[in-house]
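One structure below.
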Amino acid sequence: MRAIWKGAVSFGLVTVPVRLFTATENHDLQFHQVRKSDGSRIKYKKVAAADGEEVPYSEIAKGYESPDGKMVMITDEDLASLDSKSSKEISVEKFVPAEQIDPLLLDKSYYLEPDKSAVKPYALLREALRSTDRMAVVTVAVRTRLSMAVLRVKDDVIVLQTMLWPDEVRTPSFDVLDDIPEPNEREVKMADLLIESMVDDFEPNDYEDDYQQAVQALVERKLAGGDVKAAPKAKGDDEGGDVVDLLAALQRSVDRAKAARGEDTSADSGAGQEGSGSDDSADTEEDDTDADTQDAAEEGDQPAAKKATARKAPAKKAASSTTKKAAAKRSTAKRTTKKAS
């Protein structure tokens, strides 16, 4: 397990450095949304409702819409400046009887592990909670938000369970319960007898998630029977696709920044278009490559020097061949002149 938070439990003058670990995990099979015809994955794009334009992550901000439709923009700086009690401390407010904590208020569970130097005070707090059958009511800030929580003991580990705020629990209101007649004494006794006949200890391992097991078996049967589809390759997954998309995104970003400053972006766009298919640009690219290779060779990169030599060798051979042909022509011309004389 990996710790998600580090801090300290503080009660009285005692401080216990601890690490927080998530106590639960989800074993449900995860399904993807796919196209029925070929199994291709469905992807979502974040677009602006006003014009349908896709919005990059860097331009997404937080906004609160008021009842009259006005949007209040909230920045990270606004949230960071709030007067919050957020800290790296689990502050014990009081110790209360366990039966006073309504299970409906309990939310997420975490294990607390002490630092090696704090094992003794950790064990002291654990035994005090166990012997008094009480829970410690605490406040803690996990991921910046302040929460109520309780500390209780499970086996030999202290468990922190975050709690909902009282206004997050709904008040039940069912009209159908208003006119229910009271059961008579005989009916109550029969219900008591039925309950007594079913009394037993709770063992969580006696229960299984049969639906999850059935889904897993279904998937395995389909795999074994070859009832699968090879999803087509997503567009843009080809080698170099990401580079092209990145360059296009960078160009758009540059154009947008220049437009915001009132600068002309046509020159950059034209340069980009010329570089895509011009012979001159290809020549320039080759020259740049040779220059880079020569610089590397001068810095002592021997393999680069060999490559440079290999590329320039054909030119030398061609020059040598041309020289030989020219000499042959001169020799032929001399012989012809002698015969004529």
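A donor-acceptor distance shorter than 3.5 angstrom exists from the side chain of N26 to the backbone of D28, with no hydrogens or angles considered. For the pair E168 (side chain) and W165 (backbone), a donor-acceptor distance under 3.5 Å is present. A donor-acceptor pair is defined here as one N or O able to donate and one able to accept, closer than 3.5 Å; such a pair exists between the side chain of D102 and the backbone of L104.
Atom CG of L160 and atom CD1 of I158 lie 10.0 Å apart (nearest 0.5 Å). In this structure, D178 CG and S173 OG are separated by 7.5 Å, a value rounded to the nearest 0.5 Å. The distance from atom CE of M135 to atom OG1 of T132, rounded to the nearest 0.5 Å, is 11.0 Å. To the nearest 0.5 Å, atoms CG (D78) and CE (M73) are separated by 10.0 Å. Atom CG of L20 is separated from atom NZ of K88 by 9.5 Å, given to the nearest 0.5 angstrom.
A salt bridge links D38 with R35; the closest basic N to acidic carboxylate O contact falls under 4.0 Å. Taking 4.0 Å as the cut-off between side-chain N and carboxylate O, R130 and D156 count as a salt-bridged pair. Using a cut-off of 4.0 Å between Lys/Arg side-chain N and Asp/Glu carboxylate O, D76 and K62 are scored as salt-bridged.
The 12-atom threshold is exceeded at CE of M71, counting heavy atoms of other residues, nucleotides or ligands nearer than 6.0 Å. Counting heavy-atom neighbours within 6.0 Å of Q213 CD, excluding the residue itself, gives a total above 12. Residue-environment remark: CD (E185) stays at or below the threshold of 12 foreign heavy atoms within 6.0 Å.
The closest side-chain donor-acceptor pair between Y122 and E127, if any, does not fall under 3.5 angstrom. Side-chain contact annotation: E25 with H27, donor-acceptor N/O pair under 3.5 Å present. A side-chain donor from one of Q161 and R152 sits under 3.5 Å from a side-chain acceptor of the other. Inspection of the S66 and D68 side chains reveals an N or O donor paired with an N or O acceptor under 3.5 Å.
At least one side-chain heavy atom of L29 sits less than 4.5 Å from a side-chain heavy atom of V219. Side-chain contact between V228 and K222 is absent, with no heavy-atom pair separated by less than 4.5 Å. Between Y44 and Q33 the shortest side-chain heavy-atom distance falls below 4.5 Å. At least one side-chain heavy atom of L105 sits less than 4.5 Å from a side-chain heavy atom of V169. Counting heavy atoms from C-beta on, the side chains of F21 and R19 come closer than 4.5 Å. When side chains are defined from C-beta on, I101 counts as touching M163, because their heavy atoms get closer than 4.5 Å. Using a 4.5 Å cut-off on side-chain heavy atoms (C-beta onward), L151 and L112 make contact. In this structure the side chain of I74 reaches within 4.5 angstrom of the side chain of L79, judged on heavy atoms.
In the hydrophobic cluster analysis, where Ile, Leu, Val, Met, Phe, Trp and Tyr join through side-chain heavy atoms closer than 4.5 angstrom, V18 is grouped together with Y111. Each of L106 and V153 belongs to its own hydrophobic cluster when Ile, Leu, Val, Met, Phe, Trp and Tyr are linked at side-chain heavy-atom distances under 4.5 angstrom. Transitive grouping of hydrophobic side chains (ILVMFWY, heavy atoms separated by less than 4.5 Å) keeps V157 and V119 in distinct clusters. When the side chains of ILVMFWY residues are joined at heavy-atom separations under 4.5 Å, either directly or via intervening members, L223 and L218 end up in two distinct hydrophobic clusters. Both V96 and M148 are members of a single hydrophobic cluster when ILVMFWY side chains are connected at heavy-atom separations under 4.5 Å.
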Original post:
Taking it one step at a time, do V138 and V150 satisfy side-chain contact (heavy atoms from CB on, under 4.5 Å)?
Top reply: CA-CA 6 Å; V138 304; V150 293; over 6 Å; no
